[in-house]
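In this text, all values refer to a predicted model and were calculated from it rather than measured experimentally. Along the sequence shown, residues carry numbers from 1.
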Amino acid sequence: MERILDSKFYTYLLLSIVSLLIGILSTQFNVMFLVGILVLTLVITLPFSWKYSLYVFLFAASCNLFKINMFGLNARVDMIASIFCIIALIQHIFRRYDKKLPRLNLPIIIMILYLLYALVISIKTPVFKSDSLAGIFQLAFAFMGFVFIYLISYVDPARIYKYIHVYIGVCIIQTIYALASYFYYSSTGIFLFGKKYGALHTGQWQTSISLRGGLFEPNLFSIYAGCVLLLLITLFVAKIKDKPFFLTSIPVMILLLVGITLGWTRSVWIGIVLCLSIIIFVYKLRLFSPRNVIILFLITGAFLLIFPYLSSSFDQLSGTDGMFSMKLDTLFDSDSGTGSYRVHNLELALYDWGKDPIWGRGYFSIKAAGMDTIPWILNTFVAILHDTGIIGLTMIVILMLHVLLKGFAAIWRCKDQKHKAYLTGMVAGMVLSIFAYNFTPGHTLAMCWVHIGFVYVLAKMVPSEKKALEAPSN
């Protein structure tokens, strides 16, 4: 049965890709018609395979820019992929699953309580109730990213590394797509696939061009690319051999570094430097071996050769000479540009939160506070604090700290060097995410919870000290 499903999936997938390529070269009508064929193909095949449904979900989780209108509602593609994953999981359990159903873990329990609490507070608050309910619904679907990854440890634990490889591969594809769009725009002045759904972002004042891939904004793209870069660096330093060749490829790391630079997210730049200390602490002197030092010089030298072109092209596309260097000079400046805007945004959010600090003001209720330019709070934790008060923020902080501390504890006792490398890289990426989410809302993004889910599962797979002592020796 599995072999038939595999053959059916690849046949339909190949047919869909060929159809899409033909459609792109023809008229707009044919493009939309053939996109419909692709969607129909996925509808037919995905519910029968948990494995492929999760692969597609991992890709869809990095494409929250795109929405599909269903029954009058704009559904993000990751939400639709979640539905297919749920259907496929149910069928998988009924067909082949002979173990006990997985127990609810602490993060899932906390999130269920948080969603119920946010629902009660939002119903209690009459302001923007429809937006509040839609936001809670969106967060619930985003958190399914954690749930799906958690279920891997029960349904398909042997493939955990393969799912991580897909997570990495999708990021590389997104980066290539974003850079191709950037170079296409720099040579033609035309946005590839249009300005609304293309891989480029024009900034809040239309003064600069940044990469965003299939994600809603450059900050989210850069966080994703930064997490993957930290993981690749860890795998490289640990000299893990049992992996796809591209995971420690120097050109791939340079590619991600260029993508992060043009993603223009300063919090990620700073966060990567800070999170490298985690890798240094875990691997200590191994990081400074002659091999690694030479490779580091090669990567740095290659990037420095590319940097002048990146700087000049950024200035040219932004229409202002010295724009790139000016942004570097004002890296920590909160009195001008986006810095002053963020300060004003946070001041307004905290002022409104002060009206009901314990319980919160209701989910997405910031729209009622005069946030008419961009109706969201540019800080994940302040957004949670504003919407659900001290109670809600405490829940989410406990959830993240539980996973993070579980990850750090597992690193110290992990004896398997391959597993330790993957876990260390993912933990470093989670720390980067937490730091960078202080400058953009990320908790409603499925990719955020996917990464946290990977950290939790990798840590869970490391036996506790008690079990390690009880294990029979060879």
Side-chain angles (χ1 to χ4, degrees), residues 13 16-17 20-21 23-24 31-32 34-36 38-39 42 46 52-70 74-85 138 141-142 144-145 148 163-185 190-203 209-229 252 255-256 258-265 268 376 429 433 436-437 440-451:
L13 183 61
S16 301
I17 292 173
L20 278 174
L21 290 175
I24 290 172
V31 172
M32 299 308 297
L34 294 169
V35 167
L38 175 62
V39 173
L42 297 178
L46 290 186
Y52 294 125
S53 294
L54 189 52
Y55 286 160
V56 172
F57 173 79
L58 289 174
F59 185 83
S62 69
C63 299
N64 72 330
L65 171 65
F66 304 101
K67 298 180 180 180
I68 298 176
N69 189 282
M70 297 178 63
N74 284 323
R76 295 192 322 205
V77 292
D78 55 315
M79 297 172 67
I80 298 172
S82 294
I83 296 173
F84 285 120
C85 269
Q138 182 185 84
F141 267 99
M144 290 306 296
F148 293 146
Y163 289 116
I164 294 176
H165 296 163
V166 172
Y167 173 81
I168 295 170
V170 169
C171 181
I172 295 171
I173 292 172
Q174 288 279 17
T175 305
I176 292 173
Y177 164 57
L179 288 173
S181 299
Y182 181 85
F183 294 129
Y184 181 81
Y185 180 78
I190 300 173
F191 286 91
L192 189 63
F193 302 122
K195 189 174 181 179
K196 183 177 181 180
Y197 293 112
L200 303 180
H201 185 74
T202 55
I209 298 293
S210 305
L211 307 188
R212 67 179 178 186
L215 291 160
F216 188 74
E217 62 169 348
N219 291 337
L220 301 177
F221 166 79
S222 296
I223 291 171
Y224 183 21
C227 290
V228 170
L229 179 62
V252 169
L255 179 80
L256 291 174
V258 172
I260 293 168
T261 302
L262 292 177
W264 196 256
T265 303
V268 173
W376 59 75
S433 298
Y437 284 146
T440 191
H443 61 299
T444 59
L445 179 68
M447 190 58 71
C448 163
W449 297 108
V450 164
H451 192 103

Can you give me every donor-acceptor pair (side chain of residues 57-65, partner residue at least two apart or in another chain, under 3.5 Å) with its distance?
residue	atom	partner	partner atom	Å
Ser62	OG	Phe59	O	2.7
Ser62	OG	Gln174	NE2	2.9
Asn64	OD1	Phe216	N	2.9

field: From SG (Cys227) to CD1 (Ile260), nearest 0.5 Å
entry: 9.0 Å
- prompt: Taking C-beta and beyond as the side chain, do Ile190 and Tyr184 meet within less than 4.5 Å on heavy atoms?
  reply: yes
field: Closest approach of Thr444 to Gln138 (non-hydrogen atoms, all atoms of both residues)
entry: CB-OE1, 3.5 Å
- prompt: What's the shortest heavy-atom distance between Ser210 and Gly263, and which atoms?
  reply: CB-O, 3.8 Å
field: Under 3.5 Å: donor-acceptor pair, side chain of Tyr182, backbone of Leu211
entry: no
- prompt: Side-chain contact, heavy-atom cut-off 4.5 Å: Cys171 with Leu256?
  reply: yes
- prompt: Quick check: does any side chain N or O of Trp449 sit under 3.5 Å from a backbone N or O of His443, one acting as donor and the other as acceptor?
  reply: yes
- request: Search all heavy atoms of Thr265 against all heavy atoms of Ser222 and return the closest pair with its distance.
  value: OG1-OG, 3.1 Å
field: Leu445 and Tyr224: CA distance, side-chain angles, deciding distance, side-chain contact (heavy atoms from CB on, under 4.5 Å) verdict
entry: CA-CA 11 Å; Leu445 179 68; Tyr224 183 21; over 6 Å; no
field: Interatomic distance, Phe84 atom CZ to Leu54 atom CG [nearest 0.5 angstrom]
entry: 14.5 Å
task: In sequence, state the C-alpha distance, the side-chain angles, and the governing distance for His451 and Tyr167, and then conclude on ring-ring contact (aromatic ring centres under 6.0 Å, His included).
output: CA-CA 9 Å; His451 192 103; Tyr167 173 81; 5.8 Å; yes
Stepwise side-chain contact (heavy atoms from CB on, under 4.5 Å) test for Ile83 and Phe141: CA-CA 9 Å; Ile83 296 173; Phe141 267 99; 3.9 Å; yes
task: Taking all heavy atoms of Val450 and all of Gly145, pick out the closest pair and write down the distance.
output: CG2-CA, 3.8 Å
task: Would you confirm whether the ring centroid of His201 sits within less than 6.0 angstrom of the ring centroid of Phe221?
output: no
field: Contact summary for Ala199 and Ala178, nearest pair of heavy atoms
entry: CB-CA, 3.7 Å
- prompt: Do you know which two heavy atoms are closest between Arg212 and Pro218, and how far apart they sit?
  reply: CB-N, 3.7 Å
query: Any side-chain heavy atom of Thr440 within less than 4.5 Å of one from Ile223?
result: yes
- prompt: In Å and rounded to the nearest 0.5 Å, what is the CD1 to CD1 distance from Ile173 to Ile168?
  reply: 12.0 Å
